[in-house]
Amino acid sequence: MLAQSIRLVSRASAPVLRRRFGTSMPRRDIIQDLYLKELKSYKAPPVKATDSVGQVKPWVAPSAPTPPIVEASAPADLSEYESQIVEVEGVATTAAEEESDVEDWFVVEPLQTEHH
């Protein structure tokens with residue numbers, strides 16, 4: 001019983017510090033109100049078709065490409081190309097042609113050891 005009475009006395013004598021979240025009067029910010037008022041009253045200027053003049057380059061279609069210059073030796077080179085024999089890999093040829101055409105391209109040179 002004594003403990004209960006002490007609690008009641010301590011509750012009554014201690015100041016109650018509570019934060020109230022619901023306030024009846026909202027806080028007014030003068031700068032924010034002025035800013036919002038100016039934003040609402042702003043009217044954007046109308047856009048004209050001539051506004052972009054001087055800001056961007058006008059579009060110009062590219063010029064047509066020029067044809068390549070044909071050299072005087074082109075017909076001779078073409079006939080030479082057409083007369084060449086087609087080489088096909090995997091087709092058997094005579095032994096004499098093979099020996100003359102084949103070179104030993106993979107040569108293993110002996111390693112030279114350095115003597116100190």
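As the structure is a computational prediction, the values presented were derived from the model and not from experiment.
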Is L78 atom CG crowded by more than 12 heavy atoms from other residues, nucleotides or ligands, each under 6.0 Å away? yes
Gap between atom CG of L36 and atom CD1 of I31 - 0.5 Å precision: 12.0 Å
Does L34 CG have over 12 foreign heavy atoms under 6.0 Å away? yes
A quick test of your reading: do over 12 heavy atoms of other residues, nucleotides or ligands sit less than 6.0 Å from CD of Q84? yes
NZ (K57) and OG (S52) are apart, to the nearest 0.5 Å, by 15.0 Å
